[in-house]
Amino acid sequence: MARVSQEHLDARRAQILDGAARCFARNGFHATSMQDVLQEVGLSAGAVYRYFRGKDEIIVAIATEVVRSVSEGYAEAAALNPAPSPDELIGMVMRSVLGLQSPPNDTGARHHAHLVIQVWAETLRNRELADILRETFAEMRVHWVKVVEAYQKQGLMRDDVPAEHVARTMIALAQGFVAQAALLGEAPIEEIEGGLRALMSMHATG
């Protein structure tokens with residue numbers, strides 16, 4: 001019997017996860033059955049169960065990939081030197097997290113946003129995912145603290161506010177925009193970039 005290559009195994013696993021992710025983005029984790037997943041990926045139950053013992057294991061695998069892909073988007077943007085301005089930085093992260101390409105694909109953006117929101121919700125009931133999310137958030141915060149510290153050293157941002165507080169705020173802004181994209185169905189990233197530029201143009205008085 002011919003031995004199945006690791007490349008083939010990895011491709012089949014990715015096929016299952018991609019199909020399951022489409023199902024979950026449409027109907028949510030718990031309204032989607034294994035039969036739905038099987039129909040979506042066009043495989044037999046035996047073929048799918050070779051890779052995953054059940055739907056919960058698929059959910060954990062997808063959620064882990066989503067969380068880590070988000071973290072990678074933050075890390076890549078934060079690694080740029082010199083660091084782009086906050087409006088550009090948030091815009092870059094949003095395009096990465098939502099999977100936006102050129103020209104923009106709004107359907108794809110909503111798919112990614114729906115999946116991210118569902119992963120966040122799933123962490124409320126799944127301790128394993130909650131631990132992964134906390135660990136990933138801590139990693140993101142480290143990256144963005146360094147960006148804020150660079151702003152402060154260059155005199156581009158006031159330094160009387162702890163860098164960690166600013167980093168948390170920037171991450172929260174990005175998270176909130178993902179929520180808007182999922183719940184409202186629109187993700188005009190140019191609007192958040194322009195809004196941030198307007199906020200950044202304010203000057204304290206008195």
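Only heavy atoms go into these numbers, but all of them, side chains included; no hydrogens, no water, no symmetry mates. Note that this is a predicted model, so its numbers are computed, not measured.
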How close do Q152 and A163 get, heavy atom to heavy atom, and via which atoms? OE1-CB, 4.0 Å
From CA spacing to verdict: salt bridge (Lys or Arg N to Asp or Glu O under 4.0 Å), R95, E76: CA-CA 12 Å; R95 290 183 174 88; E76 289 171 5; over 6 Å; no
Just how far is it from atom CE of M94 to atom CD1 of I192, taken to the nearest 0.5 Å? 6.5 Å
Distance col, row L115:CG vs F24:CZ, nearest 0.5 angstrom, shows 8.5 Å
I need the minimum non-hydrogen distance between D36 and A31, along with the two atoms involved. OD2-O, 4.0 Å
Tell me which donor-acceptor pairs under 3.5 Å the side chains of residues 164-173 have, and how far apart each pair is, sequence neighbours excluded?
residue : atom : partner : partner atom : Å
E164    : OE2  : R141    : NE           : 3.3
T169    : OG1  : H165    : O            : 2.9

L124: which other cluster members, linking ILVMFWY side chains closer than 4.5 Å, directly or transitively? none
Can you tell me how far NZ of K146 sits from OH of Y151, rounded to the nearest 0.5 angstrom? 15.0 Å
Determine, for R134 against D131, whether the closest basic-nitrogen to carboxylate-oxygen distance falls under 4.0 angstrom. yes
Given side chains that start at C-beta, do those of V145 and E149 come closer than 4.5 Å, heavy atoms only? yes
Spacing of CH2 belonging to W144 relative to CD belonging to E139, to within rounding of 0.5 Å: 15.0 Å
Does some side-chain heavy atom of D159 sit less than 4.5 Å from a side-chain heavy atom of K153? no
Test: R13 and E7 ion pair at under 4.0 Å: no
Check: residues 80-91 side-chain donor-acceptor pairs under 3.5 Å, at least two apart:
residue : atom : partner : partner atom : Å
S85     : OG   : D87     : OD1          : 2.5
S85     : OG   : E88     : OE1          : 3.4
D87     : OD2  : R197    : NH1          : 3.0
E88     : OE1  : S85     : N            : 3.4

Sub-3.5 Å donor-acceptor pair from the side chain of S96 to the main-chain atoms of M92, do we have one? no
Where do I117 and A182 come nearest, in terms of heavy atoms and distance? CG1-CB, 3.5 Å
Using 0.5 Å steps for rounding, measure from the NE2 atom of H114 to the CG atom of N27. 11.0 Å
If hydrophobic clusters are built by linking Ile, Leu, Val, Met, Phe, Trp and Tyr wherever their side-chain heavy atoms come under 4.5 Å apart, do V142 and V67 end up in the same one? no
Ignoring hydrogens, what is the shortest heavy-atom contact between L38 and V48? Give both atom names and the distance. CD2-CG2, 3.3 Å
If every non-hydrogen atom of A20 is compared with every non-hydrogen atom of V37, which pair is closest and at what distance? CB-CG1, 4.0 Å
Could you tell me the separation between the CG atom of L17 and the OH atom of Y51, rounded to the nearest 0.5 Å? 11.0 Å
Side chain to side chain donor-acceptor pair (under 3.5 Å) with E122: which residues, sequence neighbours excluded? H30, R125
Just to verify, what does R68 make a side chain to side chain contact (heavy atoms under 4.5 Å, CB included) with, not counting sequence neighbours? T64
Sub-4.5 Å side-chain heavy-atom contact between L43 and Q15: yes
Ignoring hydrogens and angles, write down the donor-acceptor pairs under 3.5 Å from the side chains of residues 53-60, residues two or more places apart or on other chains.
residue : atom : partner : partner atom : Å
R53     : NE   : E57     : OE1          : 2.7
R53     : NH2  : E57     : OE1          : 2.9
K55     : NZ   : F29     : O            : 3.0
K55     : NZ   : T32     : O            : 2.6
E57     : OE2  : R53     : N            : 3.3

